[in-house]
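Scroll down for the structure; my scribbles are underneath it.
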Amino acid sequence: MSAQERTRIDRYEPATIEPRWQRRWAELGLYDTNLADDSKPKYYLLTMYDYPSGNLHIGHWYVKTPTDALGRFHRMNGKNVFQPIGFDAFGLPAENAAIKNKIHPHAWTLKNIDNMRRQLRSMGAGWDWNSEVVTCEPEYYRWNQWIFLRFLEAGLAYRAGSPVDWCPNDGTLAREQVEGTDRHCWRCGARVEKRDLDQWYLRTTKYADELLDFTGLEWPEPIRIMQTNWIGRSEGAEVAFTTAPDDSQPGGDGLRVFTTRPDTLYGATFMVLAPEHALVPKLTHADRAAEVNAYITAAGRETEIERLSTERPKTGVFTGSYAINPVNGERIPIWIADYVLAGYGTGAIMAVPAHDERDFEFARKFGLPIRRVIAGPEVTDAEVAAPMETAFVSHGTEERMVNSGPHTGLPAKQGFASIVAMLEKQGRGKASVNYRLRDWLISRQRYWGTPIPVVYCDTDGIVPVPDDQLPVRLPETVDYAGRGDNPLKSDASFANTTCPKCGGPARRETDTMDTFIDSSWYWFRYLSPQNEGAPVERSIEARWCPVDQYTGGAEHAVMHLLYARFFTKAMADLGMVHEREPFKRLFNQGQILGADGERMSKSRGNVQDPDELVSHYGADTVRLFLMFMGPWDQGGPWSPTGIGGISRFLNRVWHAALDPHGIEPGDAESGVLPAGQDKAAADRALRTAAHRTLRVVSEEYAELRFNTMVAHLMELSNLLQRYRGTEAAGSAAWNEAVGLLLLMLAPAAPHIAEELWSRLAEARGEEWASIHAQPWPSVDEAAAAENEREVPVQVNGKLRDRVMVPVGIGEAELERLVLARPKVVAALEGRAPTKVIHAGGKLVNIVVR
RNA sequence: GCCGACGUGGCGGAACUGGCAUACGCGCUCGACUCAAAAUCGAGUGGCCGUGAGGUCAUGCGGGUUCAACUCCCGCCGUCGGCACCA
């Protein structure tokens with residue numbers, strides 16, 4: 001920069017300085033991380049990568065700029081910081097655009113990525129672009145395929161036919177991708193149906209127990225709870241019932257059920273199977289067939305029917321068959337009902353209406369017997385025999401067993417164990433654990449995803465594509481015959497192939513993978529995006545994983561974050577990586593809303609365009625304002641007026657740094673030190689404030705409390721403002737305070753800090769060195785220490801006075817001082833203090849009477 | 001219904017393990033500069049009573065513990081997020 005240019009820029013003009021520094025940093029490679037450098041401790045800072053929708057909105061800024069501030073803070077603190085960036089580039093919008101605009105999904109996606117790269121650069125963030133990953137490129141998705149094949153070999157991937165959740169727009173969905181009571185698609189909102197299909201699954205349930213263990217992870221409690229609930233571990237027993245012989249069948253078929261209440265086994269008065277249960281056709285009597293089949297058909301359609309209430313009355317039909325209760329040999333009727341889910345446990349239950357609300361309601365409705373087998377401590381024998389009005393579900397330590405054969409009289413807790421023991425001895429049951437978590441259905445009927453690398457051969461069945469034939473590439477020409485169609489299916493050149501085993505004709509799998517596969521290991525790939533020998537370079541992974549800090553939205557609590565943990569564990573077991581947990585520390589930032597408090601959307605017209613804000617205020621102001629709005633995990637509505645305050649703040653910093661003496665017009669009031677303060681006192685006040693600010697701001701960066709961090713910088717700036725134009729301005733203490741302010745501001749507002757830093761260096765005749773390469777300053781404890789302190793004085797808990805006292809003052813002396821204060825004397829009204837509380841010198845409270 | 005988070009000025013919010021409630025900012029009012037406006041700078045700003053010093057009431061509501069409660073305990077009310085018959 002020429003001297004001439006500099007003198008011209010006397011006002012703060014972000015539009016001039018920001019792009020210039022962005023270029024400079026990129027030229028210098030300031031943020032290109034040397035992953036091999038182990039001279040400094042590593043810090044892997046990751047933000048959830050984005051879908052390249054084409055345009056950055058303010059939400060992206062809200063997610064990314066505080067993270068960047070954190071990265072810059074750690075870099076100044078001597079860490080080797082790795083801050084990668086990439087794009088989650090597969091997914092449906094590209095296909096929709098393709099159908100609508102006749103543009104290839106790949107071209108559309110890359111165009112969007114180009115635009116977003118440009119927009120992202122305007123944030124002035126310290127990303128290492130060399131490590132960029134774009135998941136729709138074969139260089140990336142070939143490793144999805146490679147990992148899938150390893151999972152297949154290890155039995156972690158399997159193909160199965162079962163009723164799956166089906167969205168008319170998006171095809172099959174994982175269980176996590178179905179939301180709400182009305183079971184709609186998480187993406188498009190369409191109502192989800194059930195379909196019987198052969199699909200690919202990943203065995204997430206194998207890791208259910210390990211996924212419940214969050215030891216060593218600093219994750220927000222609500223996320224851990226959500227995952228724990230989603231996995232839904234329940235302990236109980238599996239009990240083998242058998243069907244009873246009758247006129248139409250010989251009986252003896254095993255009917256296993258899962259129950260969490262084996263202690264209520266004597267109260268099982270009927271059984272209920274899910275309509276889809278495999279034994280239903282066999283157990284249905286000829287004279288019941290019409291009714292049963294009608295019910296099954298209705299149940300299959302049911303998800304399509306509008307359900308207004310969750311409290312739907314129970315429905316079901318009797319099959320005509322009976323089962324034998326293994327503990328008492330009792331014949332109990334077998335019903336089918338849709339309140340029993342095919343996918344949980346064994347798809348069949350023993351119904352104990354006395355002690356389960358659902359079974360109770362069902363029994364009431366269909367006139368089935370209700371037998372009490374558990375009673376609370378106050379229940380008399382007469383009451384045990386009386387009919388029940390509601391189910392008794394309490395299961396504490398006080399309850400005892402009744403009507404339960406040899407177990408009668410036992411506490412229910414013991415009954416649980418003793419019945420399980422009895423069943424195990426007789427070979428009719430065993431203790432068992434069930435999970436709500438299902439295996440992950442990964443097949444998708446779409447073009448724009450990773451092809452599942454298997455072929456189907458009439459002779460050899462399912463044949464994996466050999467590694468040396470990877471990647472199985474998506475065909476470059478796409479023909480969308482119609483909306484929602486997977487063009488791969490009708491693409492003969494893709495679908496028709498030869499069997500890798502026998503060489504005969506074979507058909508490729510045309511389903512592609514759920515795009516959550518891509519995001520389940522992408523942070524590993526960032527570490528060696530060009531590696532052609534393996535998905536992850538283990539030596540680098542060993543040094544850099546787990547991710548030290550991950551940030552992103554809470555909406556991925558049970559999807560991305562659970563899949564990523566599953567992948568990490570599975571990959572570790574297969575020797576691909578060392579770590580079993582991907583993200584050591586997780587932070588969920590909130591969501592930024594429109595000024596009207598609603599979700600930002602084009603149709604509402606409440607969208608804030610970051611490009612516009614940047615051109616008006618500059619990136620630093622936008623960054624700082626987003627951090628200042630409130631706690632980062634809280635999000636909140638955009639304030640159109642609030643941003644002006646940040647703009648003013650940065651302007652004041654600018655002038656404090658470049659024009660300490662306030663030659664500016666309008667500084668009428670400045671020029672005078674506060675009453676009773678000389679220059680030495682002013683210098684001391686400046687140093688104290690600067691170093692105290694440094695102490696608290698350092699902590700706030702580390703704890704991601706950006707809103708108060710900014711507030712504290714403002715306070716320091718306000719103090720400088722107060723002294724601007726006085727004899728303290730421009731002193732050594734002043735310059736120190738300004739220097740500290742800039743260093744503290746650097747992570748959050750990198751451009752202005754850099755600009756002022758360089759101007760001050762030049763003014764001192766020093767050579768330029770980036771502020772972002774400076775070490776984080778350390779607190780001068782002597783300067784930060786106070787020698788006087790203001791102590792609030794209360795009488796009976798009410799504030800009456802404040803006294804300035806020297807810091808080391810003793811309690812006795814302080815008390816004497818305080819009791820002599822006129823205001824205190826007045827408040828005491830002649831009464832003698834009963835007690836004086838000192839609260840460690842923070843406050844004095846005088847208690848009377 | 002179950003699980004979780006949260007209720008503080010006109011607004012966004014601050015107050016760390018109980019210790020000065022309302023930091024910081026927005027907005028608003030007044031003043032300086034200006035022909036005027038904007039920008040900037042300065043002063044003020046929780047409610048009520050009072051000319052004033054000051055008093056008094058206030059952290060969703062009702063109780064409690066404590067010298068002292070936004071903070072802890074009990075019971076409600078409200079808002080937001082998650083789950084959806086999981087045996």
Side-chain angles (χ1 to χ4, degrees), chain A residues 179-183 220-223 225-226 228-230 232 234 236 257-261 264 272 307 310-312 314 337-341 343-352 356-359 361-362 434-438 554-555 557-558 591 625 628-631 633-634 636-646 648-649 651-652 655 662 664-670 696 699 703 705 707-715 717-718 721 724-725 790-802 823 826 833-848:
Chain A
E179 295 180 338
T181 317
D182 58 350
R183 299 178 51 74
E221 180 80 12
I223 299 287
I225 291 170
M226 267 195 251
T228 302
N229 291 343
W230 190 265
S234 41
V257 303
F258 172 74
T259 178
T260 52
R261 296 292 305 275
T264 65
V272 187
R307 287 200 244 162
T310 46
E311 295 298 308
R312 238 168 12 124
K314 294 275 178 292
D338 63 6
Y339 82 90
V340 174
L341 308 174
Y344 184 78
T346 61
I349 62 157
M350 63 177 208
V352 184
D356 181 282
E357 276 160 10
R358 296 152 301 182
D359 297 346
E361 189 196 335
F362 194 82
N434 243 283
Y435 301 90
R436 211 187 84 115
L437 181 73
R438 308 293 155 86
E555 66 273 19
V558 293
Q591 202 180 35
F625 180 56
F628 183 64
M629 277 178 48
D633 56 1
Q634 205 173 287
W638 173 261
S639 160
T641 51
I643 192 166
I646 297 291
R648 281 190 279 277
F649 161 60
N651 262 297
R652 281 194 289 263
H655 289 114
E664 294 272 307
D667 285 346
E669 291 297 315
S670 58
V696 44
E699 204 178 295
E703 297 302 316
R705 296 201 307 266
N707 58 327
T708 51
M709 179 276 290
V710 176
H712 284 117
L713 295 185
M714 285 174 167
E715 281 187 84
S717 149
N718 288 347
Q721 178 75 17
R724 202 162 150 248
E790 193 184 54
V791 177
V793 184
Q794 298 179 333
V795 175
N796 279 344
K798 279 188 181 154
L799 183 72
R800 295 299 173 181
D801 200 5
R802 299 163 215 258
K823 284 180 184 172
T834 337
K835 198 167 157 194
V836 178
I837 310 257
H838 283 272
K842 269 186 278 188
L843 158 152
V844 175
N845 188 10
I846 302 159
V847 187
V848 283

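By convention in this document, chain letters (A, B, ...) are assigned in the order of the sequence lines, proteins followed by strands, and residues within each chain are numbered from 1.
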Please report the distance separating the [atom1] of [N] from the corresponding atom of [M], rounded so that it comes out in whole Å.
N     : M     : atom1 : answer
B:C6  : B:G55 : P     : 35 Å
B:G54 : B:C76 : P     : 44 Å
B:G46 : B:G13 : C1'   : 15 Å
B:G7  : B:U71 : P     : 11 Å
B:G9  : B:G18 : P     : 24 Å
B:A14 : B:G60 : P     : 14 Å
B:C16 : B:C11 : P     : 22 Å
B:C70 : B:G19 : C1'   : 13 Å

Any idea which of [options] is nearest the [X] side chain?
X        : options             : answer
A:Lys314 : B:C67, B:C85, B:C26 : B:C85
A:Thr708 : B:A87, B:A14, B:G82 : B:A14
A:Asp356 : B:A87, B:G25, B:A23 : B:A87
A:Asn707 : B:G25, B:A14, B:A87 : B:A14
A:Trp230 : B:A14, B:C24, B:C83 : B:C83

Looking at [N], I'd like to know if its phosphate oxygens (OP1 or OP2) sit under 4.0 Å from a side-chain N or O belonging to [X].
X        : N     : result
A:Arg800 : B:G54 : no
A:Gln591 : B:C80 : no
A:Arg436 : B:C85 : no
A:Arg648 : B:C26 : yes
A:Thr834 : B:C67 : no
A:Lys842 : B:G18 : no

- Enter the distance from A:Gln721:CD to A:His655:NE2 here, rounded to the nearest 0.5 Å. 10.0 Å
- Message: How long is the straight-line distance from NE2 of A:His838 back to CD1 of A:Ile846, given to the nearest 0.5 Å?
- Response: 8.5 Å
- Please determine which of A:Val844, A:Asn845, A:Leu799, A:Asp801 meets the side chain to side chain contact (heavy atoms under 4.5 Å, CB included) test together with A:Pro792. A:Leu799
Give one of base, sugar-phosphate or nothing for [X], where a contact means two heavy atoms less than 4.0 Å apart.
X        : result
A:Leu341 : base
A:Val257 : nothing
A:Arg705 : nothing
A:Pro631 : sugar-phosphate
A:Thr259 : sugar-phosphate
A:Gln634 : sugar-phosphate
A:Asn718 : sugar-phosphate

- Message: Pick the closest RNA chain B nucleotide for A:Met350 and for A:Lys798 by heavy atoms, then say which residue is nearer the 5' end.
- Response: A:Lys798
- Task: By nearest nucleotide on RNA chain B, pick out whichever of A:Asn796 and A:Asn229 is the more 5' one.
- Result: A:Asn229
- Message: For A:Val848, is there any backbone N or O sitting under 3.5 Å from a side-chain donor or acceptor partner on A:Asn796?
- Response: yes
- Short side-chain to backbone donor-acceptor contact, A:Asp359 and A:Val352, under 3.5 Å: yes
- Message: Atom CD of residue position A:Glu555 - does it have more than 12 heavy atoms of other residues, nucleotides or ligands inside 6.0 Å?
- Response: yes
- Message: Syn or anti for B:G9, given that syn means the glycosidic angle lies within 90° of 0?
- Response: syn
- How are the rings of A:Trp638 and A:Phe625 set to each other: parallel, tilted or perpendicular (split at 30° and 60°)? perpendicular
- Item | Nucleotide paired to B:G75 in any strand shown, Watson-Crick or G-U, under 3.5 Å | B:C61
